[in-house]
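A short worksheet on the structure shown next.
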Number of protein chains: 4
Amino acid sequence: MGVTMDGTKQQRRGNTRQRIQDVALELFADQGYEKTSLREIAEHLDVTKAALYYHFKTKEEIIVSLFEDLTKPIEDLIVWGRSQPHTLQTKQEMIRRYSRVLADAEPLFRFMHDNQGTVRDLRIGDIFKDRMRDLRDIFTDPEAPLVDQVRCVSAMFTLHTGMFVMKDMDGDPEERREAVLEVALDLVTQAHEHAGER
Amino acid sequence: MGVTMDGTKQQRRGNTRQRIQDVALELFADQGYEKTSLREIAEHLDVTKAALYYHFKTKEEIIVSLFEDLTKPIEDLIVWGRSQPHTLQTKQEMIRRYSRVLADAEPLFRFMHDNQGTVRDLRIGDIFKDRMRDLRDIFTDPEAPLVDQVRCVSAMFTLHTGMFVMKDMDGDPEERREAVLEVALDLVTQAHEHAGER
Amino acid sequence: MGVTMDGTKQQRRGNTRQRIQDVALELFADQGYEKTSLREIAEHLDVTKAALYYHFKTKEEIIVSLFEDLTKPIEDLIVWGRSQPHTLQTKQEMIRRYSRVLADAEPLFRFMHDNQGTVRDLRIGDIFKDRMRDLRDIFTDPEAPLVDQVRCVSAMFTLHTGMFVMKDMDGDPEERREAVLEVALDLVTQAHEHAGER
Amino acid sequence: MGVTMDGTKQQRRGNTRQRIQDVALELFADQGYEKTSLREIAEHLDVTKAALYYHFKTKEEIIVSLFEDLTKPIEDLIVWGRSQPHTLQTKQEMIRRYSRVLADAEPLFRFMHDNQGTVRDLRIGDIFKDRMRDLRDIFTDPEAPLVDQVRCVSAMFTLHTGMFVMKDMDGDPEERREAVLEVALDLVTQAHEHAGER
DNA sequence: GATGAATGAGAGTTCATTCAT
DNA sequence: CATGAATGAACTCTCATTCAT
């Protein structure tokens with residue numbers, strides 16, 4: 001129950017779980033997982049810590065739930081990628097879609113990027129690693145030369161870098177996004193071309 | 001003091017500071033900064049926590065000292081880069097040297113990579129950011145098209161990714177290192193070529 | 001409500017109170033009173049904690065209710081004992097009946113035995129103490145020498161010990177029960193004989 | 001540092017560990033292990049909770065340390081018992097000594113008696129069980145009839161009961177102690193006599 | 001050059017209990 | 001007859017830090 005202007009308590013229409021997730025994600029992304037305490041999350045929501053435990057069994061479960069809810073689009077992307085022919089077009093489209101996925105769940109991926117060490121220790125670490133590998137396996141031909149495999153991985157991580165590290169570069173964000181995308185597309189294209197030459 | 005064969009304690013003539021740094025770096029790189037407690041460091045050294053405070057004023061100072069001691073090569077690289085003409089050769093040589101620098105202080109850079117969020121909050125965050133910017137400014141012509149600037153940044157981060165993320169890829173490490181280097185070199189070369197076309 | 005084969009919930013026509021008692025006793029006896037949480041009880045029953053509060057006002061009331069329901073036989077035994085002449089036969093028969101009572105409500109008495117400190121703080125502590133005193137007063141003649149009073153108390157507690165402590169002794173349980181009973185009977189007999197000698 | 005009459009702080013001459021044990025034992029014996037919080041112990045000592053953790057790694061370690069420090073006499077008794085011939089005299093002397101041991105470390109054994117369930121879960125549970133078995137093996141001849149074995153165990157537990165349960169009986173404590181001892185001695189004597197008859 | 005002893009702040013977690021629905 | 005949502009108080013435990021010796 002919250003407090004209204006006249007001091008009475010107010011119904012929370014069962015959206016508390018969602019609100020916890022929202023606040024937690026914001027704080028996790030801003031300050032990191034370990035530096036964000038449950039007290040802090042609770043205070044932001046005007047709830048007691050115990051309330052958090054009604055909705056989530058542990059602190060880790062909060063981040064796991066966020067991960068599970070927000071990485072659905074990546075799973076979808078993997079499914080889609082697997083259903084397509086392994087052409088250059090497909091790979092380019094994958095890069096474009098992946099770029100969009102990252103942008104849509106920016107806070108989560110910013111969190112993952114800034115806390116790679118922490119994430120690895122959490123239960124989501126392995127899952128995330130698997131997803132990354134799945135994506136890579138769609139981009140790269142395991143028979144391809146190592147250098148082309150690297151190019152593809154580099155394309156993926158260029159998107160990450162573009163989102164989370166180049167924030168301080170000049171130019172407006174949208175322009176930068178396009179430039180990053182172009183470089184990533186170039187990388188997969190080059191990787192593919194060599195394949196054709198073989 | 002350590003324990004010798006006859007059970008007596010042994011002098012560690014003044015190298016304790018160094019030993020603290022060594023152990024701390026190992027633990028920070030393995031477990032992260034916040035998940036490594038001073039108690040843990042002290043135990044690994046068979047010393048009390050208070051002893052750490054004799055050598056370092058705070059926990060943060062330990063990592064700062066590591067950073068300062070170990071990033072000298074990057075400073076040198078920047079100085080060198082600035083003293084050279086802005087040719088493609090220079091940039092390629094920079095990439096090669098940077099790659100070596102990363103490899104030589106692998107634990108520190110692995111730590112920085114895995115704990116980007118934490119690092120940002122620490123005092124070293126700004127310093128590191130400045131270094132990265134300095135490097136970038138040597139690689140990229142601020143007048144160059146955005147996409148080429150991105151390419152150069154991407155080259156640098158490809159080296160990072162190659163060191164800390166692609167560990168699970170097949171192939172032996174040395175081969176992988178070379179492949180990564182090749183991709184990075186390609187990226188700066190492309191960035192440069194376009195510049196020439198203008 | 002439970003789950004039937006077609007997935008719908010099933011009536012538990014008013015026996016929930018009973019089921020709570022059953023599960024609670026089992027858990028209390030196994031883990032102790034304080035180490036058993038209401039959450040745990042509720043989960044075992046596939047019911048919410050709040051449901052427990054519909055049937056019992058507090059956690060303590062659960063154990064009180066168990067105690068009241070299950071120690072009726074002891075009350076009966078006391079009533080019977082008082083109605084009999086204070087002969088040796090009576091005392092021996094009391095021992096036999098007491099032994100049976102303990103065996104019949106084994107989990108409760110095991111709980112009481114293992115948690116004597118806790119029980120003392122609970123509301124049932126005093127009640128139980130009174131019952132024990134009542135029993136003792138039937139066994140022992142307050143005029144009898146102290147040593148004989150001790151013998152009678154010892155007889156009673158030998159039965160307890162026999163049930164809850166000697167579980168790890170060799171021999172099959174039934175044999176052991178009889179041996180324990182024989183020792184207890186001996187003790188009251190000796191107490192009585194001395195009385196005769198006076 | 002403590003507070004003196006004039007409000008200044010006072011040295012604690014390194015006896016804090018001992019003081020923690022003393023206070024903890026008193027509270028554990030009075031209220032039980034789980035119902036005694038570390039906050040409570042700390043407050044009694046005018047120290048912070050963290051100070052307790054300087055001296056003991058966990059709450060359980062406090063009780064373990066008490067157990068280890070205070071049950072040495074039982075170990076000694078076992079050693080002594082094993083070195084003696086298995087005569088009636090030995091057994092009787094064992095009973096007498098055991099009675100004294102219990103009296104000397106009364107608070108610890110009162111705690112053990114009142115919290116048998118808790119003790120079982122703690123690390124000391126198994127150790128204690130072993131000690132009891134060792135004692136039993138000295139008292140009882142494994143070849144003896146079951147009923148005589150029971151008599152011996154009963155003798156031991158009569159001593160316990162005498163110390164911790166019969167407190168509310170009339171008569172002065174010393175008289176009661178003697179009466180209890182007499183009953184226990186009788187029990188082992190009877191057990192032994194039967195053996196002779198075989 | 002280092003230790004022993006302690007602190008204050010705070011962490012995550014669990015508990016019995018309440019109450020509107 | 002029972003649930004969903006929440007609370008407040010307590011818990012054990014850990015941390016970086018301090019300081020007299």
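Residue numbers begin at 1 in each chain, while the letters A, B, ... track the order of the sequences.
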I want to check one thing: is the phosphate of [N], taken as OP1 and OP2, less than 4.0 Å away from some side-chain N or O of [X]?
X: Ser37(D); N: dC11(F); answer: yes
X: Arg39(C); N: dC15(E); answer: yes
X: Thr16(C); N: dA2(F); answer: yes
X: His55(C); N: dA2(F); answer: yes

The side chain of [X] is closest to which nucleotide in this list: [options]?
X: Thr48(D); options: dA16(E), dT7(E), dC15(F); answer: dT7(E)
X: Lys59(D); options: dT12(F), dT14(E), dT3(E); answer: dT12(F)
X: Ala51(B); options: dA16(F), dA5(F), dT3(E); answer: dT3(E)
X: Tyr54(D); options: dA11(E), dA6(E), dA16(E); answer: dA6(E)

Rounding to an integer number of Å, can you tell me how far [X] [atom1] sits from [N] [atom2]?
X: Glu61(B); N: dT17(F); atom1: CD; atom2: P; result: 10 Å
X: Ile41(B); N: dT17(F); atom1: CD1; atom2: P; result: 11 Å
X: Asp46(D); N: dA5(E); atom1: CG; atom2: C1'; result: 15 Å
X: Arg17(C); N: dC1(F); atom1: CZ; atom2: C1'; result: 14 Å
X: Ile63(C); N: dA16(E); atom1: CD1; atom2: P; result: 13 Å
X: Leu52(D); N: dT14(F); atom1: CG; atom2: P; result: 13 Å

Base-pairing assignment for dT21(E) (Watson-Crick or G-U wobble, both under 3.5 Å): dA2(F)
5'-most by nearest nucleotide on DNA chain E - Tyr53(A) or Leu38(C): Tyr53(A)
Which residue lies more 5' along DNA chain E, comparing Lys57(A) with Lys49(D) via nearest heavy atoms: Lys49(D)
Whether Phe67(B) and Phe128(B) hold their rings parallel, tilted or perpendicular, with breakpoints at 30° and 60°: perpendicular
Residue whose nearest DNA chain F nucleotide is more 5′ - Lys35(B) or Lys35(D): Lys35(D)
Arg110(A) bridged to Asp30(A) by N-O distance under 4.0 Å: yes
Side chain Lys35(A), main chain Leu27(A), donor-acceptor under 3.5 Å: no
